Chemist: 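Before I ask anything, let me first share the structure, which is written out below as structure tokens.
Every chain is numbered from 1 and lettered A, B, ... according to where its sequence line falls, protein lines coming before strand lines. Note that this is a predicted model, so its numbers are computed, not measured.
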Number of protein chains: 2
Amino acid sequence: MNEARGLRADAQRNYEQLLAVARVVIEEQGTQASLRDIARRAGVGLGTLYRHFPTRDALLEALLRQGFDRLAASAESLLASAAPKAALLAWVDELSRGTTVYHGLPASLLATLHDEASPLHLSCTAMRAAGERLLRRAQDAGDVRPDLDGVDLFELVAAVGWAAEQSPRSAERRERLLALITDGLAS
Amino acid sequence: MNEARGLRADAQRNYEQLLAVARVVIEEQGTQASLRDIARRAGVGLGTLYRHFPTRDALLEALLRQGFDRLAASAESLLASAAPKAALLAWVDELSRGTTVYHGLPASLLATLHDEASPLHLSCTAMRAAGERLLRRAQDAGDVRPDLDGVDLFELVAAVGWAAEQSPRSAERRERLLALITDGLAS
DNA sequence: ACCTGAACACCGTTCAAGT
DNA sequence: ACCTGAACACCGTTCAAGT
């Protein structure tokens, strides 16, 4: 909540209002929501949105960072508990559910992963590294094929999330496809 | 090539020119290419494009139908040859490679599969049915998990194609992810 | 019959003018 | 220091006017 420190009072208010409205609009319309619409509904000029968030990615970043960090923390805590395979599967399921929060999120996830210049790249790779530790533990226990790495896992989870988005029965398809994948990665 | 029968000579020429140009532009820019750009480069008014192809889907349909039908025929011929598992894998690989022709094609494939009103729906489900026959043969031989169906397979192949599109090393990632999937579907 | 392109309602992005 | 909204260059889509 300190992200807006040092701003003039009106700027601070605008920043927070934009973020709150963006969350709602992007929930409704997906990551491709109209920026004009967000500014309009926030009661703010379009230039003000651009001043606070110079790119669409910067806006998404502000919305997503918390979730990324939460997933990384979750991986850490799972590392200290439960059977290796069960812990990995629980985390993968959490990650997969996380990709359903906004339409278009699986695409943002992979974009962030591949783009080192993205403001979210660090947060994203930290999460991936945390997941990779869970993965290695399961591999060492002989539960998961040993050649799988964190990028494979991320891309597969994102792919499943994306495919589910395209279906009229998203939730159902996501569970089905994820189960097919995770079953198949067992060794 | 009979699709344009019964048109006035100039209309016939425009139709063919639009299709040829659309193929090039969509190869360059993906399925979301600017329709204005296509019309412009075809030397034709924008209204003429809309007259021949009332929706973007109609244009894509004309570009894709041939490939769909070829894949269906390929499935038929593989059904009469080779080991069940090898035949299925060969077809899946062909399908997967097919999704790389245009950027955005995996999305169009799933849209077509799920939208019964799409002009390509029939062609798409015919292809899926042909693939499903290959799948069942491999399942009867005990080579593939028995609960998998054609929709699962389509969605997984499209998902892999999409994830590969998001990567800077598309070809490499497509092969890797497809191998992970197909390995995992063995029984 | 068919073609054309202006017109309309939207975008994202920039920036001069205001406070 | 920050905000505003007009301006610009694009979209997709429609349709009156032409041939």
Side-chain angles (χ1 to χ4, degrees), chain A residues 2-22 24-26 28-63 102-104 107-108 111 115 117-119, chain B residues 2-22 24-26 28-63 102-104 107-108 111 115 117-119:
Chain A
N2 300 334
E3 302 149 300
R5 275 276 166 78
L7 291 182
R8 224 167 60 179
D10 56 343
Q12 169 99 27
R13 235 182 309 116
N14 285 337
Y15 178 91
E16 280 160 12
Q17 178 66 7
L18 275 167
L19 215 50
V21 169
V24 171
V25 175
I26 291 177
E28 282 174 18
Q29 308 180 10
T31 56
Q32 293 308 309
S34 157
L35 299 180
R36 243 189 191 79
D37 202 27
I38 293 173
R40 199 157 34 211
R41 286 166 66 169
V44 141
L46 191 46
T48 303
L49 187 152
Y50 274 91
R51 161 167 275 262
H52 288 291
F53 307 102
T55 66
R56 173 176 242 111
D57 244 41
L59 181 55
L60 275 176
E61 181 222 356
L63 293 178
Y102 305 120
H103 196 274
S108 299
D115 175 17
S118 158
Chain B
N2 299 334
E3 301 149 297
R5 275 276 168 76
L7 292 181
R8 225 167 60 179
D10 57 343
Q12 170 98 28
R13 236 183 309 118
N14 285 338
Y15 179 90
E16 281 159 13
Q17 179 66 7
L18 275 167
L19 216 49
V21 169
V24 172
V25 175
I26 290 178
E28 282 174 18
Q29 310 180 10
T31 56
Q32 293 308 309
S34 157
L35 299 180
R36 242 190 194 80
D37 203 28
I38 293 173
R40 198 158 32 211
R41 287 166 66 169
V44 140
L46 191 47
T48 303
L49 187 152
Y50 273 91
R51 161 167 278 262
H52 288 292
F53 306 102
T55 66
R56 172 175 242 113
D57 245 40
L59 181 55
L60 275 175
E61 181 221 355
L63 292 178
Y102 305 120
H103 196 273
S108 299
D115 176 16
S118 158

Chemist: Going by the rule side-chain contact (heavy atoms from CB on, under 4.5 Å), which residues pair with B:Ala58 if we only count those two or more places apart in sequence or in a different chain?
Modeler: B:Phe53, B:Pro54, B:Thr55

Chemist: Could you tell me how far C:dA1 sits from D:dT14 if I compare only their P atoms? Round to whole Å.
Modeler: 22 Å

Chemist: So what's the dot-bracket for DNA chain D: Watson-Crick or G-U pairs under 3.5 Å, [ ] if a pair crosses, | if it pairs off-strand?
Modeler: ||.|||||...|||||.||

Chemist: Mind checking what makes side chain to side chain donor-acceptor pair (under 3.5 Å) contact with B:Glu28, not counting sequence neighbours?
Modeler: B:Arg41

Chemist: Please, which pairs that meet salt bridge (Lys or Arg N to Asp or Glu O under 4.0 Å) have at least one residue in residues 43-60 of chain B, sequence neighbours excluded?
Modeler: none

Chemist: Just jot down the side chain to side chain donor-acceptor pair (under 3.5 Å) partners of A:Asp115, sequence neighbours excluded, or say none.
Modeler: none

Chemist: Using a cut-off of strictly less than 4.0 Å between a heavy atom of the residue and any atom of DNA chain C, enumerate the qualifying residues of residues 30-46 of chain B by number.
Modeler: B:Arg36, B:Val44, B:Gly45, B:Leu46

Chemist: Which side-chain N or O atoms in residues 32-39 of chain B pair as donor and acceptor under 3.5 Å with protein atoms at least two apart or in another chain?
Modeler:
from	atom 1	to	atom 2	distance (Å)
B:Ser34	OG	B:Arg36	N	3.3
B:Ser34	OG	B:Asp37	N	3.0
B:Asp37	OD2	B:Gln29	NE2	3.0

Chemist: Can you see which heavy atom on A:Leu60 is nearest to which on A:Ser108, and at what distance?
Modeler: CD1-OG, 3.6 Å

Chemist: For B:Arg56, which contact category applies under a 4.0 Å heavy-atom criterion: base, sugar-phosphate, or nothing?
Modeler: sugar-phosphate

Chemist: Search all heavy atoms of A:Leu19 against all heavy atoms of A:Leu59 and return the closest pair with its distance.
Modeler: CD1-CD1, 4.1 Å

Chemist: Could you list the residues that satisfy side-chain contact (heavy atoms from CB on, under 4.5 Å) with A:His103, not counting sequence neighbours?
Modeler: A:Glu165

Chemist: Provide the closest heavy-atom pair for A:Gly104 versus A:Thr31 in the form atom of the first, atom of the second, distance.
Modeler: CA-OG1, 3.6 Å

Chemist: Scan for ring pair (Phe, Tyr, Trp, His ring centres under 6.0 Å) pairs involving residues 30-52 of chain A, sequence neighbours excluded, and state none if there are none.
Modeler: A:Tyr15-A:His52

Chemist: Of all nucleotides in DNA chain D that come within under 4.0 Å of a heavy atom of chain B, which is furthest toward the 5' end and which toward the 3' end?
Modeler: D:dC11 to D:dC15

